[in-house]
Each structure stands twice: as structure tokens, then as C-alpha cells.
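This chain uses plain numbering: 1 for the first residue, then up along the sequence.
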Amino acid sequence: MQRPNPEDYQPPLSWWRHGWRLLLCVVISAIVWPQFAPEQLDVMPVLFWLDLGVGLASYVVVVGRRRWPVTVAVATNAMAVVSGVAAGPATLAAVSMATRRRLVPIVATSLVAVVASMLYTELEPSAVDDPFWISLTATVIAVAASMGWGMYIGSRRELLWTLRHRAERAEAEQELRVGQARGQERSRIAREMHDVLAHRISQISLHAGALTFRDDLTAADMRASAEVIQTTAHQALTDLRTVLGVLRDDEGNALDAPQPTYADLRALVADAEAAGLRVEYADDVRAADGADGVPDALGRALYRIVQEGITNARKHAPGATLLISLSGSPDDGIAVELRNRLGFAAAAAPPGAGLGLVGLSERAALRGGRLEHRRDADAFVLRGWLPWAA
């Protein structure tokens, strides 16, 4: 992660924060200046008033330490050459500048602070007459402590800002992932609902259409067709409950009934034949020795492809024979092909949005396979391939 700019992690200065910092400056000035003020008044009063005036000016200058950190730090420490009152603002400006943790400005300001303090101590009249080396040692320690404290504060501020920024970014990424997962789940629900319901509803529509357009049906035929409609509607509701049950299960398992697998394909074909569709079914899938058979996820994808092909054939070529062929092995994957002659759609065929094959193509692509449909002379062909284990 790129290191943030100091302006990013510096906390805003409220009136309270300004106030206690300036109060601390007054305390520092009150410790330094009284050692020299009496002698200044006795020996040269102009130094007293110069010290006080420059010191007050430094209190004004230090307010701009956030905007011009290095300039204000150097300026206030330079003012300390003639003013003990400026010791407080000079310390505050130096610490504030050190929070930025830039080596060159820190070294430059430290040198100015040491030189200014030593010049003030040597040039100003004072009752204290410490040796030069003691004054120099004390000054160096004080300046080093100020700079170290400022660097510690800056490091802590940067760490807190980094942690907060990472938490905010993680939260934003989590919201993005949730949004993407929600969109993918909606797409999956739409595909699943289409695959489950389109097949059943097309049967209901065809039988209801027959009741509407045929006037030669006997009472027994009418009852038989109504019974088929009722049974198919019941099956559609059962399938719908299965889908909704899967969606509500935290572990992705069905609550009401298992999802269809490869073993259910023959029952699907038999159901289509019972509803009046002519089907020729050829299964040449070879599982490996000792294997349990076609994986459930692969079988479910194949089931949906065949189901959509049956639905389309019933809607758009109700009198044609549907050829269904499956072939493959664990090494080669499974190829599926559905072929039927083109015909006239049933008059009562339900309208379609054309999304079934699109959803199946996406389903196949997600499993690493492919699905395509085209016209071959006078036939419609739906052909796909899926890897055995994707």
C-alpha cells in the first residue's frame, strides 16, 4: 500500500485542540522566559520588550503550522534567538512538523532550534551561569525529545489512518462482493425458474389450446385433457417449491426434493412421450470402471439442456420427431445433441422471451463447456459439450 500524505492522517483542529495546544505553549514560555526577564528589565529593558513582542508574534505565526509546516517551524525557532516567549510556539511548531516524518526538514529544524537556543542563552542576560556544555547537552536532549515525540505522534496517526482506511476499503469491497453475488444469484434464480417452469407451462398451454380449438372432443376426452392440465400444473408447483427450497437452504441442498440428475433423463423423456411428443433417445455415455456415474452437477446441466430442447420442440415443432443423443466418457466429456425438423408452431403455444437458450449457454460456459444452436437444412439443432468434472 502506498504511504499516505501527511495531510491525509492529520486530525482536524477544533477550537478545543487549538486551545490546549496554545495553553501548553504558554506553560513552556512561562518556564523559559522568567529565567531571563528580570535581568532584561534591569540591564536593558529594550530586550524585555523585544522578547515579549517577538514572542507574541510567534503565537500568531504558529497558527499556520499545518499549512506551512517547515516554514513556520523554522521561523518560530529562529524567533527564539531573541525571545524566550517564543520557546513555546517554537516547540509546538517543531513537534507538529516532526509528525510528518520527513528527515530533511526534521534535521534542518533541529539545527535551527539548537543554534537559536544556544544563542539566546549566551547573548541574553541571565542570573543562571551554567557551563556551555551543560546548556548544549540540555538543549540537544530537549530538541531530540521534541522531535522524537512528534515522530511518534505522526507514526501513530498514520497507523490509525491506515487501519481505518483498510477497514473502510474492506467494507466497500464487501458491499461490492455482496452486490455482485446478489446479481449472480438473481441471474441464477431466473435461469432456474425458466428451466423448471417453461417445460411444464408449455404442456399446460398446449392441452388448453387443444380444448379451445377442438370442438369434436367427447366428455371423456375433455376430462382426460383437464386431468392432464391439473397434473401438469401440480407438477409445476412442486418444481417451483423445489427451486424455492434450494434458494432458502444455507447449505445449497434441496429442502423439498432433490435436484434432477443424469438418472432422471429417461423419466424426462418418458414424460415428454406421454404428453404426445415423439422422441428417439440414444444414450452412449460410458462411465469409468468403479465410478459412481455422471457427477450430479454435470447431470443437472444435461437435464436442463434436454428439458429446454423438449420444451422448444413442443412449442415450435409439435408434430416432429425429436432426436436426442448423448455420448461421452470421463476423458472426453459429454456431448449432447437435440435435432428436430422445423415445423409450424402450435397456435396456442405460449410466447417465449428467447432467454432459455441464452441462460443454458451461460450455464454451460460457467462449467467450462459450450452450447450452440443453429438451423441445419430443414432441421433445428441444439448441440453442446460439457467436461466430465469442471
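Taking the side chain as every heavy atom from C-beta outward, V26 and L22 never approach each other to under 4.5 Å. Between Y262 and D283, the closest side-chain pair of non-hydrogen atoms falls below 4.5 Å.
The shortest non-hydrogen separation linking L386 to A301 is CD1-CB, 3.7 Å. Of all the heavy atoms in Y303 and T261, the pair that sits closest is CD1-O, 3.9 Å. In this structure, W385 and G368 approach most closely via the heavy-atom pair CZ3-O, 3.7 Å. Heavy atoms only, all atoms of each residue included: N77 and A116 are closest at O-CB, 3.0 Å. Considering all non-hydrogen atoms of both residues, V285 and W388 come closest at CG1-CZ3, 4.0 Å. The two residues S29 and G88 come nearest to each other via the heavy atoms OG-N, 3.4 Å.
V74 and V82 are not part of a single hydrophobic cluster, where members link through side-chain heavy atoms under 4.5 Å apart. Hydrophobic cluster membership is shared by L56 and Y120, with clusters built from Ile, Leu, Val, Met, Phe, Trp and Tyr side chains linked at under 4.5 angstrom. There is no path of hydrophobic side-chain contacts, each under 4.5 Å, that joins L136 to V115. The hydrophobic clustering, which links ILVMFWY residues whose side-chain heavy atoms are closer than 4.5 Å, places L52 and M44 apart. A continuous path of hydrophobic side-chain contacts links I324 to L277 [ILVMFWY only; heavy atoms under 4.5 Å].
In this structure, T76 contributes its side chain and V72 its backbone to a donor-acceptor pair below 3.5 Å. Judged by distance alone, with hydrogens and angles left aside, the side-chain atoms of S146 form a donor-acceptor pair with the main-chain N or O of A142 at under 3.5 Å. In this structure, the side chain of D284 does not engage the main chain of R286 through any donor-acceptor pair within 3.5 Å. Judged purely by atom type and a 3.5 angstrom limit, S58 uses its side chain to pair as donor or acceptor with the backbone of G55. Proximity of a side-chain donor or acceptor of T109 to a complementary backbone N or O of I106 within less than 3.5 Å is not detected. Put simply, the side chain of S117 never gets that close to the backbone of V114: no donor and acceptor are under 3.5 Å apart. Distance alone, capped at 3.5 Å, is enough to place a donor-acceptor pair between the D51 side chain and the G84 backbone. Judged by distance alone, with hydrogens and angles left aside, the side-chain atoms of Y281 form no donor-acceptor pair with the main-chain N or O of A270 at under 3.5 Å.
How far CG of L41 is from CZ of F36: 14.0 Å, rounded to the nearest 0.5 Å. Considering CG of L326 and CD1 of I334, their distance stands at 7.0 Å, rounded to 0.5 Å. Distance check, rounded to the nearest 0.5 Å: CG of L322 to CZ of R341 gives 13.0 Å. Put simply, CZ on R21 and CZ on R65 are 6.0 Å apart, with the number rounded to the nearest 0.5 Å. Within the model, atoms CE of M97 and CE of M151 stand 10.0 Å from one another, a figure rounded to the nearest 0.5 Å. Separating the CD atom in E168 from the CH2 atom in W161 is a distance of 9.0 Å, to the nearest 0.5 Å.
For R67, the CZ atom counts as loosely surrounded, since its 6.0 Å shell holds 12 or fewer non-hydrogen atoms of other residues, nucleotides or ligands.
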Would I141 and T137 count as a side-chain contact (heavy atoms from CB on, under 4.5 Å) if you check the C-alpha gap in whole Å, the side-chain angles of each, and the deciding distance to 0.1 Å? CA-CA 6 Å; I141 292 175; T137 301; 3.8 Å; yes
V85 and V54: side-chain contact (heavy atoms from CB on, under 4.5 Å), yes or no, with the steps? CA-CA 8 Å; V85 179; V54 174; over 6 Å; no
I305/L382 under side-chain contact (heavy atoms from CB on, under 4.5 Å): CA gap, chis, key distance, verdict: CA-CA 9 Å; I305 292 174; L382 176 63; 4.2 Å; yes
Please assess H373 against N312 for the test side-chain contact (heavy atoms from CB on, under 4.5 Å), listing each intermediate value before the final yes or no. CA-CA 12 Å; H373 59 278; N312 287 338; over 6 Å; no
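Side-chain polar atoms of R177 and Q180 form no donor-acceptor pair below 3.5 angstrom.
Ion pairing between a basic and an acidic side chain is recognised when a charged N comes within 4.0 Å of a carboxylate O; R339 and E337 show such pairing.
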